[in-house]
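Have a look at the structure below before the remarks.
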Amino acid sequence: MKPIEPARLAGTSIEYADMLLLRFGEFTLKGKNRTRFEKTMLRHVREIVKPYSKARLLKEYGRIYVELNGEPAQELLEALVKVFGISSISPVKAVRPALEEIVEASLRFIEMLNPEPGTTFKVNARRVWKDFPYGSQEMNRLVSAPILKAFQALSVDVRTPELELRVEVREQQAYIFCESIPAVGGFPLGTNGKAMLLLSGGIDSPVAAWSSMRRGLEVECVHFFSYPYTSREARQKVVDLARVLSRYAGKIRLHLVPFTEVQTSFAGIGQDNLMVTLMRRAMLRIATTLAEREGALALITGESLGQVASQTLPSMNVIGRATELPLLRPLVMMDKAEIVDLAQQIGTYDLSILPYEDCCTLFLPKSPTTNPNLQIVEKIEATLPGYADRLAEAAAKVITVEVTPHGDERPADEADLIATVNEEWF
């Protein structure tokens, strides 16, 4: 039988909590890197907690305690479950480390959870304060006995209980908790370096961004727009997608690249079936320039093998040859249904399906090739007049903004501010 989530099934609020217990994810296994990862994790949690002036942090090996001191537990929980590196969170009730108070608080705790008749449970006590007069095993018995007497519909199962009441006895306080709420897990943001992601307005690339951040990458996004063929609504859609992603990262740097001149240079050359291949390679070249400028060590795309013509293995091979940077494809083996499900979970799906065009859908040929020839593609690029200059100009005219969860995105510098209000681009 699957373990229950007591507060969820009983419909109770977690506002009873005095503390939130944050458990670290898989990075705790990383040996010598552990200290660096934990410091990064603590810094990110501190940023989330900063607006809550009464809250205090207590760091312990493999976990962080957030002392609420009257701050809203549910509100903080909803923010903290999005922090990469946290595997789960437990709302904690704190009492004085005295047996009578621990038992009384445990009884109230079970009463609040209102378990159904027949629910199996156990008490899992841990004596951290060694001067406490009762050992861990003895505490299991001393706490569970009055619970079984008061709630006779409960039965003990020490192996696979549906409800596990945990008690930690420390010198200053005893902690009582039961629920373990899953968080995003993964690695703390930025602990595995920085990468540049090609962000379209579709479903896949925002999911690729989230998946990359979850693996500890700091992600900066690159979006290509083609004025006047793409609208302001299409541009705002991408900013809104970046804003959703910033809820997990604190902020997202978004680089907006004017792509009209590059894109239209491919029209009229008699190679319509190679348009998508040429566009994708041009995007990778420009993104590589930006990555080198920003200190990013890899590029990320939302490609999924076989999904469209440009994502067959031969196409991905030819397109990927346009850059010497590592090209990461987090979704490459995922089905579309899996990607859609994840997009819905992280909150980008509804934005992604808004019917605003992006530059990737412009000049789309009826029959794009699924098996491009690298030599032919490179020959076309070599014979296009001013091709390299157009790529360099697009990279030079990029607009960079910092997008935050609160909608106060702003240009990164004064030059970008001038470009942002330029009606020729927007």
Side-chain angles (χ1 to χ4, degrees), residues 196-210 219-267 275-276 279-280 282-284 286-287 289-290 293-294 300-302 308 310 343-344 346-364 390-426:
M196 195 73 67
L197 175 125
L198 277 65
L199 180 66
S200 71
I203 296 172
D204 300 341
S205 56
V207 176
W210 183 89
V219 170
E220 295 191 10
C221 298
V222 184
H223 177 71
F224 297 86
F225 67 94
S226 292
Y227 177 88
Y229 302 105
T230 53
S231 64
R232 295 187 182 202
E233 289 81 4
R235 176 258 186 184
Q236 187 59 46
K237 172 183 173 180
V238 170
V239 173
D240 291 341
L241 285 169
R243 182 174 298 122
V244 174
L245 294 173
S246 74
R247 296 172 190 166
Y248 300 91
K251 65 180 179 181
I252 290 285
R253 282 173 64 86
L254 174 60
H255 306 279
L256 300 162
V257 180
F259 199 57
T260 309
E261 294 297 323
V262 175
Q263 194 166 17
T264 54
S265 70
F266 299 132
M275 280 284 289
V276 174
M279 280 194 304
R280 298 285 189 186
M283 289 177 177
L284 287 184
I286 295 170
T289 299
L290 297 178
R293 182 188 305 171
E294 299 294 331
I300 307 169
T301 71
V308 294
S310 64
Q344 291 171 332
I346 66 176
T348 57
Y349 179 75
D350 290 339
L351 286 169
S352 292
I353 62 174
L354 292 175
Y356 302 127
E357 76 293 334
D358 59 52
C359 68
C360 294
T361 61
L362 300 176
F363 311 113
L364 193 64
R390 288 192 183 92
L391 297 181
E393 184 179 9
K397 289 185 175 180
V398 65
I399 304 166
T400 300
V401 294
E402 290 185 354
V403 183
T404 71
H406 312 295
D408 56 346
E409 62 268 14
R410 60 190 184 278
D413 55 44
E414 186 176 356
D416 287 339
L417 178 60
I418 297 171
T420 302
V421 297
N422 188 334
E423 287 295 326
E424 181 184 359
W425 287 11
F426 289 91

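Fair warning: this is a prediction, and the values are worked out from it, not measured in the lab.
- Just one of His223, Arg243, Glu220 meets the side-chain contact (heavy atoms from CB on, under 4.5 Å) condition when paired with Leu254; it is His223.
- Rounding to the nearest 0.5 Å gives a distance of 6.0 Å between CD1 of Ile203 and OG of Ser352.
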Could you go step by step and tell me if Met283 and Phe259 meet the side chain to side chain contact (heavy atoms under 4.5 Å, CB included) rule? CA-CA 9 Å; Met283 289 177 177; Phe259 199 57; 3.8 Å; yes
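- Listed by chain and number, the residues in a side-chain hydrogen bond (donor to acceptor under 3.5 Å, both in side chains) with Glu294 are Arg253 (sequence neighbours excluded).
- Two residues are said to be in side-chain contact when any heavy atoms from C-beta on lie closer than 4.5 Å; Trp210 and Val219 fail this criterion.
- Taken to the nearest 0.5 Å, the CG atom of Leu241 stands 10.5 Å off from the CG atom of Asp350.
- Qualifying side-chain hydrogen bond (donor to acceptor under 3.5 Å, both in side chains) partners for Glu393, counting only residues two or more places apart in sequence or in other chains: Lys397.
- Of all heavy-atom pairs spanning Leu197 and Ala208, the tightest one is CD1-C, 3.9 Å.
- Here the straight-line distance linking atom CE of Met196 with atom CD1 of Ile286 works out to 12.5 Å at 0.5 Å rounding.
- Atom CZ in Arg280 sits 8.0 Å away from atom OG1 in Thr301 (nearest 0.5 Å).
- Minimum heavy-atom separation, Val276 to Ser310: CG1-CB, 3.5 Å.
- When side chains are defined from C-beta on, Val238 does not count as touching Phe225, because their heavy atoms never get closer than 4.5 Å.
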Candidate pair Leu290 and Thr400, rule side chain to side chain contact (heavy atoms under 4.5 Å, CB included), full reasoning: CA-CA 11 Å; Leu290 297 178; Thr400 300; over 6 Å; no
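- Here Met279 contributes atom CE and Leu284 contributes atom CG; the two are 12.0 Å apart, rounded to the nearest 0.5 Å.
- Heavy atoms only, all atoms of each residue included: Leu391 and Ala282 are closest at CD2-CB, 3.9 Å.
- Applying the side-chain hydrogen bond (donor to acceptor under 3.5 Å, both in side chains) criterion to Thr348, with sequence neighbours excluded, gives no partner residue.
- Atom CZ of Arg390 and atom OG1 of Thr264 lie 7.0 Å apart (nearest 0.5 Å).
- Considering all non-hydrogen atoms of both residues, Gln263 and Ser226 come closest at OE1-OG, 2.5 Å.
- Listed for the Lys237 side chain is a donor-acceptor partner under 3.5 Å among the backbone atoms of Gly201.
- Side chain to side chain, Thr404 and Ser246 fail the donor-acceptor criterion of an N or O pair below 3.5 Å.
- Ser205 places a side-chain N or O within 3.5 Å of a backbone atom of Ser200 that can act as its donor or acceptor partner.
- The side-chain heavy atoms of Val244 and Pro206, taken from C-beta on, include no pair separated by under 4.5 Å.
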